[in-house]
Amino acid sequence: MQAPSVGGVMLPRGNGETIRLSRGASLTDFAEKINANPASLVAVMMNLGEMVTATQSVSDETLQLLAGEMNYTVQIVSPEEEDRELLESFDLEFGEDEGGEEDLVVRPPVVTVMGHVDHGKTRLLDAIRKTNVIAGEAGGITQHIGAYQVTTEVNEEDRKITFIDTPGHEAFTAMRARGAKSTDIAILVVAANDGVMPQTVEALNHAKAADVPIVVAVNKIDVEGADPTKVRGQLTEYGLVAEEYGGDTMFVDISAKQGLHIDSLLEAVILTADASLDLRANPEQDAQGISIESRLDRGRGAVATVLVQRGTLRVGDTMVVGDAYGRVRAMLDDNGNNVAEAGPSTPVQVLGLTNVPGAGDNFIVVDEDRTARQIAEKRAARERNAAFAKRTRRVSLEDLDKVLKAGEVQQLNLIIKGDASGSVEALESSLLQLDVGEEVDIRVLHRGVGAVTESDIDLAMGSDAIVIGFNVRAAGRAQQMAEREGVDVRYYSVIYQAIEEIEAALKGMLKPEYEEVELGTAEIREVFRSSKLGNIAGVLIRSGEVRRNTKARLLRDGKVIAENLNIEGLRRFKDDVTEIREGYEGGINLGNFNDIKVDDVIATYEMREKPRV
């Protein structure tokens with residue numbers, strides 16, 4: 001049924017039907033669903049006060065606003081659901097083991113080490129692997145997700161455990177949560193001398209949200225002031241009750257530095273897995289899993305660390321990881337050795353992908369390169385549309401000109417490049433969460449893995465953006481180009497520093513706030529008449545000091561008689577002075593203001609810029 005809509009534009013009206021659209025859909029996508037002309041939807045949006053083109057990705061709120069105007073309901077399809085539908089269209093399914101019970105075999109548990117910064121997570125992994133991870137980390141902070149596999153002996157049987165090393169800084173919260181979701185068991189590291197700290201609770205909540213069993217490693221038992229019993233008591237408040245107290249959580253006292261009781265901790269992981277989980281997978285099906293970390297290597301191209309969750313990944317397989325795809329050219333284990341295949345719960349580095357996938361992207365092996373390319377391209381288009389929709393700033397036509405002229409909204413544009421996708425993602429997430437008030441907006445125009453390139457500088461020139469290089473530098477002529485064009489490129493290796501400097505820059509963009517500071521008060525004892533200067537107040541300074549060229553107000557019987565006066569003349573006896581202090585007498589001239597009487601009080605003040613906190 002055709003019916004007039006906003007502004008007389010003819011277009012279909014719904015009966016409350018639900019229209020399913022992906023995040024970042026355009027007006028053309030909406031028009032196809034309801035059999036309407038996209039141009040008519042553009043006209044409706046203009047009447048609603050928003051300028052949108054037919055092919056532009058728009059936000060969820062815009063789609064819902066338009067749908068409500070036309071009596072439709074819009075359901076925004078989640079990325080996970082959209083991805084499932086995409087795979088189903090290729091007769092693929094992610095997350096299910098094929099075959100029956102007889103096809104499933106036991107797989108190693110996947111473990112994430114969590115806990116407060118400085119409580120020894122990296123040193124624990126260091127002790128487990130007997131290699132030095134911490135020496136390569138700037139500031140002793142783990143910057144990347146890595147995955148490692150170790151073997152331990154339990155009941156005279158060799159058992160494997162896979163460790164996912166999630167970074168310790170709170171800025172990596174999203175990555176830590178993602179690490180927990182791909183995890184079977186979480187090891188919560190708590191220092192015996194510090195006890196439970198804020199990040200300990202944060203890590204604990206992530207593990208609980210992922211619904212994984214927890215093994216507590218009470219570290220630093222060799223340090224002075226260590227009290228493992230106190231840690232057990234504190235964690236009881238958060239629902240982790242030690243086995244010796246009648247609970248079901250295994251606590252192991254260790255010293256990562258001294259290498260004490262590491263074997264007992266690994267045994268506790270295996271026992272917890274055997275008691276609480278049914279860890280089995282089908283190694284015969286096409287491989288599926290998750291991308292743990294990825295980076296761009298100068299000699300080898302895109303290198304992705306993936307965790308095989310089911311099936312077996314082999315050299316020569318065609319795989320699609322997020323919006324990247326390719327044939328597996330080579331696979332390396334965590335020691336850098338070439339391997340031909342990787343079974344369930346095995347982490348490997350994969351070479352041969354077209355580009356760098358994101359941390360946490362699912363991977364799936366497909367039969368044909370063409371299928372992989374189609375899936376990757378559709379995922380890339382979806383991500384691009386969602387990003388465009390997220391970046392769109394909703395400003396109505398009525399106030400657009402006013403906002404720009406008044407400078408009410410200031411924006412800091414950023415381009416972020418890093419050595420690994422997880423680092424870039426975490427840094428972007430942290431910066432976007434900076435809260436310095438509504439006056440300043442932060443916008444990430446582009447983020448990517450690899451060196452800062454000339455195209456990044458071009459984009460920064462066109463948008464007045466700052467380029468952030470995290471563990472990367474400018475490549476080739478990009479540095480010279482940046483210097484020539486005056487583009488600000490900043491390099492960081494520790495995430496704290498990047499966040500602090502950008503936050504300071506944001507605060508510097510804020511309009512200054514001023515507060516009134518009282519300087520002094522003067523009581524008028526006598527009024528002198530001057531034909532040249534008008535009335536002059538003979539005063540006694542009651543408090544503080546009175547300075548020339550400061551602001552003043554006049555009080556009479558406690559009430560303000562005049563505001564915004566100026567101390568234009570200040571004399572002590574016959575001398576002109578710049579200030580008179582408490583307890584001294586002098587003469588004050590208030591310029592053209594002459595309504596002064598004996599016993600009036602002149603209060604002086606100045607406006608000082610208020611520091612941002």
Side-chain angles (χ1 to χ4, degrees), residues 395-396 398-412 434-442 500-613:
V395 180
S396 66
E398 289 83 6
D399 67 5
L400 177 62
D401 192 49
K402 181 175 68 181
V403 166
L404 292 176
K405 277 185 179 173
E408 289 172 11
V409 177
Q410 294 192 54
Q411 189 166 268
L412 178 64
L434 289 176
D435 183 16
V436 289
E438 296 178 0
E439 295 169 46
V440 176
D441 198 16
I442 189 166
E500 284 172 4
E501 286 199 14
I502 297 301
E503 185 174 20
L506 279 171
K507 288 180 177 177
M509 290 174 66
L510 291 172
K511 293 176 183 174
E513 289 182 3
Y514 292 96
E515 59 182 347
E516 183 182 298
V517 178
E518 186 179 279
L519 298 175
T521 58
E523 181 185 322
I524 299 178
R525 293 290 183 90
E526 200 167 339
V527 178
F528 302 98
R529 318 286 177 187
S530 166
S531 57
K532 185 179 175 183
L533 301 172
N535 290 346
I536 296 172
V539 299
L540 172 68
I541 310 302
R542 287 290 191 193
S543 63
E545 61 183 23
V546 175
R547 295 206 292 262
R548 187 190 297 170
N549 296 327
T550 53
K551 294 290 182 186
R553 59 172 62 93
L554 188 74
L555 290 82
R556 186 171 295 158
D557 298 326
K559 295 178 183 176
V560 177
I561 300 300
E563 280 273 13
N564 209 24
L565 304 174
N566 197 44
I567 306 290
E568 293 194 3
L570 198 59
R571 302 194 71 160
R572 181 146 163 71
F573 302 111
K574 293 183 179 181
D575 300 323
D576 282 326
V577 293
T578 55
E579 64 178 42
I580 304 176
R581 302 196 176 196
E582 182 180 337
Y584 291 93
E585 295 179 333
I588 294 177
N589 173 235
L590 297 175
N592 295 328
F593 185 79
N594 290 310
D595 181 19
I596 57 175
K597 296 181 180 178
V598 174
D599 294 333
D600 286 353
V601 174
I602 299 172
T604 65
Y605 61 92
E606 68 178 2
M607 302 303 291
R608 287 184 191 163
E609 187 175 334
K610 193 175 175 182
R612 297 274 184 176
V613 291

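Considering only heavy atoms from C-beta on, I561 stays 4.5 Å or farther from D600 through its side chain. No side-chain heavy atom of T604 sits under 4.5 Å from any side-chain heavy atom of R547.
Taking OH of Y605 as the start and CD of E518 as the end, the distance is 11.0 Å to the nearest 0.5 Å. One finds the CZ atom of F528 at 13.0 Å from the CG atom of N589 (value rounded to the nearest 0.5 Å). One distance of note links CD of E545 with CZ of R581; it measures 5.5 Å at 0.5 Å rounding. Atom CG of L590 sits about 5.5 Å away from atom CD1 of I567, to the nearest 0.5 Å. Note that CG of N594 and CD1 of I536 are 9.5 Å apart. Values are rounded to the nearest 0.5 Å. We find the CD-CZ distance between E568 and R548 to be 10.5 Å, quoted to the nearest 0.5 Å.
For CZ of R525, the number of neighbouring non-hydrogen atoms (other residues, nucleotides, ligands) closer than 6.0 Å is greater than 12. Other residues, nucleotides and ligands contribute over 12 non-hydrogen atoms within 6.0 Å of the CZ atom of F593.
Under the side-chain hydrogen bond (donor to acceptor under 3.5 Å, both in side chains) criterion, T521 pairs with S543, not counting sequence neighbours. Remark: E585 engages no residue in a salt bridge (Lys or Arg N to Asp or Glu O under 4.0 Å) (not counting sequence neighbours). Scored by the salt bridge (Lys or Arg N to Asp or Glu O under 4.0 Å) test, R571 finds D576 as partners (sequence neighbours excluded).
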### Message
Pair L570, T578 - check side chain to side chain contact (heavy atoms under 4.5 Å, CB included), show working.
### Response
CA-CA 7 Å; L570 198 59; T578 55; over 6 Å; no
### Message
I524 vs I588, test: side chain to side chain contact (heavy atoms under 4.5 Å, CB included). Steps then yes/no.
### Response
CA-CA 9 Å; I524 299 178; I588 294 177; over 6 Å; no
### Task
Please report the C-alpha distance between V546 and I602 in whole Å, then the side-chain angles of each, then the deciding distance to 0.1 Å, and finally whether the side chain to side chain contact (heavy atoms under 4.5 Å, CB included) criterion is met.
CA-CA 9 Å; V546 175; I602 299 172; over 6 Å; no
### Task
Run the numbers on D595 and R556 for side chain to side chain contact (heavy atoms under 4.5 Å, CB included), then give the verdict.
CA-CA 11 Å; D595 181 19; R556 186 171 295 158; 3.6 Å; yes
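For K551 against N566, the heavy-atom pair with the smallest separation is N-OD1, 4.4 Å. The minimum heavy-atom distance linking V560 with R553 is given by the pair CG2-CD, 4.1 Å.
Checking R529 against N535 by side-chain atom types alone, a donor-acceptor pair falls below 3.5 Å.
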